[in-house]
> 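Handing you a structure now.
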Amino acid sequence: MLSTENLTLHYGGSQILHGIDLTAQAGEITCVMGTNGVGKTSLLKALSGTHPRSGGTYTLDGETIARAPAHALAQKGIGYVPQGRDIFPFLTVQENLETAYACLPKSEHRIPEEIFELFPILKDFLPRRGGDLSGGQQQQLAIARAMITKPKVLLLDEPTEGIQPNIIQQIGRVIAYLRDRGDMAIILVEQYFSFAYEIADCFYVLERGAVKMEGRKGALDKSALLAAVSV
């Protein structure tokens, strides 16, 4: 569904990503791991168009993607849930969800009932302002908003960060459900090792902006993978 070849990214004069080759298949969870500051979030920013990549080839569902801005990539099927969630604090939950309509034709401007089946709390909180929700509830809202855009690829940046354990479990079930539907690829950046190892199908470990280790879960030694992502 998504692949990159020799992808690079710069911030000013500093090169952050060095020749990233990555493949994400529909119906699978591809987990990007590594210690702080190795380029994980930068990779998702490049894939989402939030920060323009410097070079390399980027293919989405068979189409070679030029350096497109974030809104154009969202319309092509990239759903992005950034670190920090980026919900609109002064809009209601319903209004936050409706911002996803910008990626859809007018005939599809509705909130699917599936959203409320996966995140029941959002239905109860539709009139509440996004800023009044807890961190876990905001994370659910951010994932739900991305789902409404009907993404081909869902990018998730640290979805468990600062979230209470029961919400982590629920988010894990939702991610697994979306994977099992088989119609989207999921790229997950995650530092919570046990969560990532349980849910992911394959792994890429970054070090200093380059891929240090990669492979499918069954082919990688768990202890070696843990050592590679530990401080």
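We're numbering straight along the sequence, starting at 1.
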> Which pair of heavy atoms, one from M33 and one from A196, lies closest together, and at what distance?
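Scanning both residues, the minimum pair turns out to be CE-CB, 4.0 Å.
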
> For the pair F90 and N96, evaluate side-chain contact (heavy atoms from CB on, under 4.5 Å) and give the outcome as yes or no after the intermediate values.
CA-CA 9 Å; F90 297 112; N96 267 277; over 6 Å; no

> Once rounded to the nearest 0.5 Å, what's the spacing between atom OG1 of T30 and atom CD1 of I186?
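T30 atom OG1 to I186 atom CD1 measures 9.0 Å (nearest 0.5 Å).
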
> Taking the side chain as every heavy atom from C-beta outward, state whether T57 and T4 have any pair of such atoms under 4.5 Å apart.
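SC-SC contact between T57 and T4 ruled out.
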
> Hey, are S3 and Y58 close enough side-chain-wise for a donor-acceptor pair under 3.5 Å?
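Absent: no donor and acceptor within the cut-off.
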
> When you group the ILVMFWY residues by side-chain heavy-atom contacts below 4.5 Å and let the links chain together, are L154 and L47 in the same group?
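Different clusters: L47 never reaches L154 through Ile, Leu, Val, Met, Phe, Trp or Tyr contacts under 4.5 Å.
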
> Tell me whether T92 contacts the main-chain N or O of E95 through its side chain, where contact means a donor paired with an acceptor under 3.5 Å.
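Here the side-chain-to-backbone pair exists.
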
> Heavy atoms only: give me the nearest L17-G39 pair and the separation to one decimal.
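Where L17 meets G39 most closely, the heavy atoms are CD2-O, 3.5 Å.
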
> How many angstroms lie between CD in E98 and CZ in R110, if you round to the nearest 0.5 Å?
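Interatomic distance, E98 CD to R110 CZ, rounded to 0.5 Å: 13.0 Å.
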
> State, with a plain yes or no, whether a side-chain heavy atom of L226 is found less than 4.5 Å away from one of S223.
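No, their side chains stay 4.5 Å or more apart.
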
> Heavy-atom count check: over 12 atoms from other residues, nucleotides or ligands less than 6.0 Å from Q75 CD?
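More than 12 within 6.0 Å, yes.
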
> Using atom types as modelled and distance alone, determine if a side-chain donor or acceptor of D132 lies under 3.5 Å from a backbone N or O of R128.
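No.
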
> Is a side-chain donor or acceptor of H18 paired with a backbone partner of L7 at a separation under 3.5 angstrom?
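No; zero donor-acceptor contacts below 3.5 Å.
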
> Under 4.5 Å between side-chain heavy atoms, counting indirect links through other Ile/Leu/Val/Met/Phe/Trp/Tyr residues: same cluster for L60 and I20 or not?
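Linked, L60 and I20 end up in one cluster.
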
> I need the minimum non-hydrogen distance between I87 and R145, along with the two atoms involved.
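In this case the closest contact between I87 and R145 is CA-NH1, 3.7 Å.
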
> Decide, yes or no, whether a salt bridge links E108 with K150 under the criterion of side-chain N to carboxylate O below 4.0 Å.
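A salt bridge links E108 with K150.
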
> Verify the neighbour count for atom NZ of K217: are there more than 12 heavy atoms of other residues, nucleotides or ligands below 6.0 Å?
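Result for NZ/K217: enclosed.
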
> Rounded to the nearest 0.5 Å, how far apart are CG of D86 and OG1 of T99?
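If I round to the nearest 0.5 Å, the distance is 11.0 Å.
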
> Going by side-chain hydrogen bond (donor to acceptor under 3.5 Å, both in side chains), Q83 matches just one of K45, E158, E161. Which one?
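So the option named by the test is E161.
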
> Do F193 and L225 pass the side-chain contact (heavy atoms from CB on, under 4.5 Å) test, and can you show the C-alpha distance, the side-chain angles, and the key distance before you say yes or no?
CA-CA 9 Å; F193 183 83; L225 180 63; 3.9 Å; yes

> Is there a chain of hydrophobic side chains (I, L, V, M, F, W, Y, each step under 4.5 Å between heavy atoms) that links I171 to I148?
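I171 clusters together with I148.
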
> Please check: side-chain N/O of Y80 versus main-chain N/O of G49, any donor-acceptor pairing under 3.5 Å?
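No: the side chain of Y80 does not pair with the backbone of G49.
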
> Using 30° and 60° as the class limits, which term best fits the ring planes of F203 and Y197: parallel, tilted or perpendicular?
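Rings of F203 and Y197: parallel, as their planes differ by under 30°.
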
> Once you round to the nearest 0.5 Å, how far does CD of Q137 lie from CD1 of I163?
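Reported value, rounded in 0.5 Å steps: 10.0 Å.
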
> Heavy atoms, side chains only, cut-off 4.5 Å: are V38 and R208 in contact?
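Contact flag for V38/R208 side chains = no.
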
> Taking C-beta and beyond as the side chain, do E214 and V211 meet within less than 4.5 Å on heavy atoms?
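Yes, close enough: below the 4.5 Å cut-off.
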
> When you compare the side chains of T160 and E190, does any donor N or O come within less than 3.5 Å of an acceptor on the partner?
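Yes, side-chain donor-acceptor contact under 3.5 Å.
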
> Nearest 0.5 Å, what's the CG-CG distance between L2 and D61?
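Going from CG on L2 over to CG on D61, the span is 10.0 Å.
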
> Whether the side chain of T35 engages the backbone of V229 through a donor-acceptor N/O pair (distance < 3.5 Å, no angle test) should be reported.
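Not confirmed, T35 side chain does not pair with V229 backbone.
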
> Determine, using the 4.5 Å side-chain heavy-atom cutoff (strictly less than), whether Y192 and I199 are members of one ILVMFWY cluster.
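Shared cluster, yes.
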
> Can you tell me if K40 has over 12 outside heavy atoms packed within less than 6.0 Å of its NZ?
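Count over threshold, so yes.
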
> Side-chain contact test, heavy atoms from C-beta onward, threshold under 4.5 Å: evaluate it for L155 versus I78 and give yes or no.
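Yes; the side chains approach each other to less than 4.5 Å.
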
> Could you grab the distance from atom CD of E207 to atom NZ of K212, nearest 0.5 Å is fine?
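One finds 4.0 Å between CD of E207 and NZ of K212.
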
> Is there a chain of hydrophobic side chains (I, L, V, M, F, W, Y, each step under 4.5 Å between heavy atoms) that links L22 to I29?
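L22 does not cluster with I29.
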
> Given side chains that start at C-beta, do those of F119 and L141 come closer than 4.5 Å, heavy atoms only?
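They are not in contact (no side-chain heavy atoms under 4.5 Å apart), so the answer is no.
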
> Verify whether one side chain among Y177 and E117 offers a donor that lies under 3.5 Å from an acceptor in the other.
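Judged by distance alone, the side chains do not pair up.
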
> Does the side chain of P82 reach to within under 4.5 Å of the side chain of T50, using non-hydrogen atoms?
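In short, these two side chains do not touch, never coming nearer than 4.5 Å.
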
> Taking all non-hydrogen atoms of both residues, which atom of A144 and which atom of L97 are closest, and how far apart?
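Here A144 and L97 meet closest at CB-CD2, 3.8 Å.
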
> Looking only at non-hydrogen atoms, find the nearest pair between A46 and R53 and report the distance.
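So the two residues come closest at CB-CB, 4.3 Å.
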
> How about CZ on R181, more than 12 heavy atoms from neighbouring residues, nucleotides or ligands closer than 6.0 Å, or not?
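Above 12, so yes.
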
> Quick one, H51 with Y11, criterion side-chain contact (heavy atoms from CB on, under 4.5 Å). Give me CA distance, side-chain angles, the key distance, then yes/no.
CA-CA 9 Å; H51 188 90; Y11 291 139; 3.1 Å; yes

> Between D201 and Q25, do the side chains contain a donor N or O and an acceptor N or O under 3.5 Å apart?
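Judged by distance alone, the side chains do not pair up.
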
> Heavy-atom distance under 4.5 Å between the side chains of S42 and I16, does that happen here?
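S42 reaches I16 side chain to side chain.
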
> So, E28 and R179, do they make that salt bridge, N to O below 4.0 Å?
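Salt bridge: no.
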
> So which heavy atom on K152 is nearest to which on M1, and how close?
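It is O-CG, 3.6 Å.
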
> Apply the test side-chain contact (heavy atoms from CB on, under 4.5 Å) to residues F195 and I175: give CA-CA distance (whole Å), side-chain angles for both, the deciding distance (0.1 Å), then the verdict.
CA-CA 11 Å; F195 176 86; I175 295 171; 4.2 Å; yes

> Are the side chain of T8 and the backbone N or O of G55 linked by a donor-acceptor pair below 3.5 Å?
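Between the backbone of G55 and the side chain of T8 there is a qualifying donor-acceptor contact (under 3.5 Å).
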
> Should K123 and E113 be marked as a salt bridge (Lys or Arg N to Asp or Glu O under 4.0 Å) after you check the CA-CA gap, both sets of side-chain angles, and the distance that decides it?
CA-CA 9 Å; K123 190 167 189 176; E113 191 60 33; 3.3 Å; yes

